[in-house]
Amino acid sequence: MGDTIIPVVHQQRRDSTDRVTVLVLGGGVGGVVAAKSLRRKLPEQHRVVILDRERDHLFAPSLLWLMTGKRTPSQISRPLDRLARRGIEVIGGEISHIDPDSRRVRVVENPHGDDPLSRRLGGVTSVLEAEHLIVSLGVELAPETIPGLADAGHNFYTLAGAESLRHALSGFNGGRIVVLTATPAYKCPAAPYEAAMLLLDHCRRRGIGDNTQVDLYAAEPGPMGVTGPEISGQVRRMVEDRGITYHPEHQVTTVDGSGKTIAFANGATASFDLLAYVPPHRAPQVVKDAGLVDHDSGWVPVDHQSLHTRFPEVYAIGDVTGIPLAMGKPLPKAGVFAERQAKVVAHNIIHTITGKGEPAVFDGHGECFIETGAGKAGFGAGDFYAEPTPQIKLHQPSRRWHMGKLLFEKSWFRRWL
Ligand SMILES: Cc1cc2nc3c(=O)[nH]c(=O)nc-3n(C[C@H](O)[C@H](O)[C@H](O)COP(=O)(O)OP(=O)(O)OC[C@H]3O[C@@H](n4cnc5c(N)ncnc54)[C@H](O)[C@@H]3O)c2cc1C
């Protein structure tokens with residue numbers, strides 16, 4: 001099948017009538033925020049194109065509520081196509097090649113499309129070319145790298161896994177629930193801790209709390225390590241005070257689904273009746289193949305303020321990036337950073353195209369809610385770029401912060417889709 005080249009304007013000297021294409025790779029948090037922010041301020045003549053293999057944008061924080069039956073899939077996702085009403089071109093398909101030198105991207109459109117033609121052809125391949133490229137392709141989840149893990153447990157970091165966990169929970173009448181982090185670094189460092197607290201709360205509400213034990217086996221030495229020992233200790237206490245047994249520095253090696261046991265690198269073993277896990281993460285293969293990834297960190301290096309990669313007019317934002325902090329650990333992967341980075345990159349591209357305004361910088365500020373169950377949440381916020389260590393303040397769990405998270409969820413779709 002031949003490649004179709006979508007018409008482009010080449011980057012020579014521009015006058016005000018030139019048409020520029022901005023290509024946004026990924027329709028997750030960073031991608032949607034970037035595309036929408038661009039479209040709001042870019043003159044109409046310029047194209048904003050967003051590409052994703054999924055039809056729907058998923059609000060991942062609510063997967064934790066989906067797994068305990070408080071949300072349905074349709075409540076936490078919206079069709080990306082809605083962006084088309086705002087003048088953004090939405091292309092559904094698998095990005096199979098990125099050339100950051102020419103800013104050309106190959107996409108196999110609708111490889112699993114419903115229409116008979118795309119079923120027969122197995123997808124139509126197009127090549128798009130842009131003056132500005134934003135890579136927001138997130139992470140690839142790799143449960144298969146831990147033998148037995150995928151068959152034995154529920155990967156609540158995906159919609160399918162959170163749904164299968166909800167289903168398993170409905171038939172669970174007590175026993176031992178294990179929440180497991182399969183590697184020390186993963187997106188949303190609070191999520192497995194929240195998951196453990198919400199699962200226990202759910203069982204208590206169902207009246208099976210007395211027969212239920214929740215254990216959290218973590219590969220990392222403590223919760224949310226980048227925030228420093230004090231905050232980490234406070235989050236650990238939140239978990240333990242609720243009756244969860246915490247086992248840090250337990251690196252899983254194998255899982256035996258039939259015997260329902262987990263083996264760890266330190267020689268320990270653990271049994272479970274229900275296993276909910278965070279899988280290993282890695283950069284998407286297509287991003288690695290593009291030569292965008294740094295060999296040592298495994299992620300895309302960027303300028304920490306502008307999110308520029310080493311390729312002209314190619315930016316990377318969100319989970320796919322690796323941004324080292326002064327304290328020696330990387331900036332955590334979280335939607336709040338993807339959102340703020342997307343706004344900065346969109347602003348700076350608009351500035352480059354129109355010459356209006358002043359360039360903006362990403363300042364490393366971030367915040368997160370920590371759901372603790374029983375209608376409460378904690379809230380942490382601060383400056384992750386502060387030196388020598390991030391300066392974060394943690395507010396203790398209360399109904400107020402839980403309400404804040406509910407409002408944030410509501411406002412997400414209103415603002416972006
Ligand atoms: C359970 C859970 C709870 C969370 N809670 C929070 C929270 O409370 N607060 C917070 O800040 N963050 C939270 N996060 C993290 C947050 O969801 C991510 O950090 C955020 O989504 C990152 O945005 P992104 O744009 O980098 O990547 P993503 O949002 O993952 O988007 C990447 C997109 O790229 C697409 N894609 C990838 N490869 C290809 C390809 N080859 N072709 C086509 N499309 C492709 C994917 O389909 C996806 O839509 C949570 C995550 C999980 C799993």
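All heavy atoms count here, side chains included; hydrogens, waters and symmetry mates do not. Keep in mind the model is a prediction, meaning the values are calculated, not measured. Read the numbers this way: they start at 1 and go in the same order the structure lists the ligands and their atoms.
For I95, a nitrogen or oxygen atom sits less than 3.5 Å from a nitrogen or oxygen atom of ligand 1, counting backbone and side chain alike. Note: no N/O pair closer than 3.5 Å links V320 and ligand 1 by distance alone. Any N or O atom pair closer than 3.5 Å counts here, and S136 shares at least one such pair with ligand 1. Between K333 and ligand 1, a contact under 3.5 Å exists for no N or O pair. For ligand 1, the polar-atom distance check against Y157 finds no nitrogen or oxygen pair separated by under 3.5 Å. For ligand 1, the polar-atom distance check against D52 finds a nitrogen or oxygen pair separated by under 3.5 Å. Residue V336 has at least one nitrogen or oxygen atom sitting less than 3.5 Å from a nitrogen or oxygen atom of ligand 1, judged on distance alone. At a 3.5 angstrom cut-off on N or O pairs, G30 counts as close to ligand 1. Distances between N or O atoms of P284 and those of ligand 1 include no value under 3.5 Å.
Side-chain atoms of Y385 do not come within 3.5 Å of backbone N or O of Q305 as any donor-acceptor pair. Distance alone, capped at 3.5 Å, places no donor-acceptor pair between the D294 side chain and the W299 backbone. The backbone N or O of G27 lies less than 3.5 Å from a partner atom in the side chain of D52, making a donor-acceptor pair. Q251 contributes no side-chain N or O that, together with a main-chain N or O of T183, makes up a donor-acceptor pair within less than 3.5 Å. Not one N or O on the side chain of T309 forms a donor-acceptor pair closer than 3.5 Å with the backbone of V302. Between the H402 side chain and the R400 main chain, no donor and acceptor come within less than 3.5 Å of each other. The closest donor-acceptor contact from the side chain of R78 to the backbone of S74 lies under 3.5 Å.
For atom 5 (N) of ligand 1, the closest non-hydrogen atom on the protein side is C188 SG, 3.2 Å. The closest protein non-hydrogen atom to atom 26 (O) of ligand 1 is D319 N, 2.9 Å. Protein heavy atom in closest approach to atom 27 (O) of ligand 1: G138 CA, 3.4 Å. Here the protein heavy atom with the shortest distance to atom 51 (C) of ligand 1 is A60 CB, 3.7 Å. Protein heavy atom in closest approach to atom 38 (N) of ligand 1: R53 NH2, 3.4 Å. Looking at atom 29 (O) of ligand 1, its nearest protein heavy atom turns out to be V29 N, 3.1 Å. The protein heavy atom nearest to atom 37 (C) of ligand 1 is L137 O, 3.4 Å. Here the protein heavy atom with the shortest distance to atom 12 (N) of ligand 1 is G335 N, 2.9 Å.
Using a 4.0 Å cut-off to heavy atoms of G93, the atoms of ligand 1 that qualify are 42 (N), 43 (C). Per-residue contacts place A338 under 4.0 angstrom from the following atoms of ligand 1 (heavy atoms of the residue considered): 23 (O). Near G318, the atoms of ligand 1 lying under 4.0 angstrom from a non-hydrogen atom of the residue are 26 (O). Near K405, the atoms of ligand 1 lying under 4.0 angstrom from a non-hydrogen atom of the residue are 8 (O). Every atom of ligand 1 is numbered from 1 in the order shown, and the set under 4.0 Å from a heavy atom of E54 is 47 (O).
With respect to E409 and K405, no salt bridge is recorded, no charged nitrogen being found less than 4.0 Å from a carboxylate O. Salt bridge annotation for K329-E220: absent, with no cationic side-chain nitrogen under 4.0 angstrom from a carboxylate oxygen. Salt-bridge annotation for E140 and R53: absent, with no side-chain N of the basic residue lying under 4.0 Å from a carboxylate O of the acidic one. A salt bridge links D363 with R340: the distance from a Lys NZ or Arg NE/NH1/NH2 to an Asp or Glu carboxylate oxygen falls below 4.0 Å.
Counting heavy atoms under 4.0 Å from ligand 1, residue H57 does not touch it at all.
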Step by step, would you call V32 with V24 a side chain to side chain contact (heavy atoms under 4.5 Å, CB included)?
CA-CA 8 Å; V32 163; V24 182; over 6 Å; no
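Within 6.0 Å of atom CZ in R205, more than 12 heavy atoms from other residues, nucleotides or ligands are found, so the atom counts as buried in its surroundings.
The closest side-chain donor-acceptor pair between E129 and S102, if any, does not fall under 3.5 angstrom.
For atom 9 (N) of ligand 1, the choice among G26, P332, P61 with the nearest heavy atom turns out to be P61.
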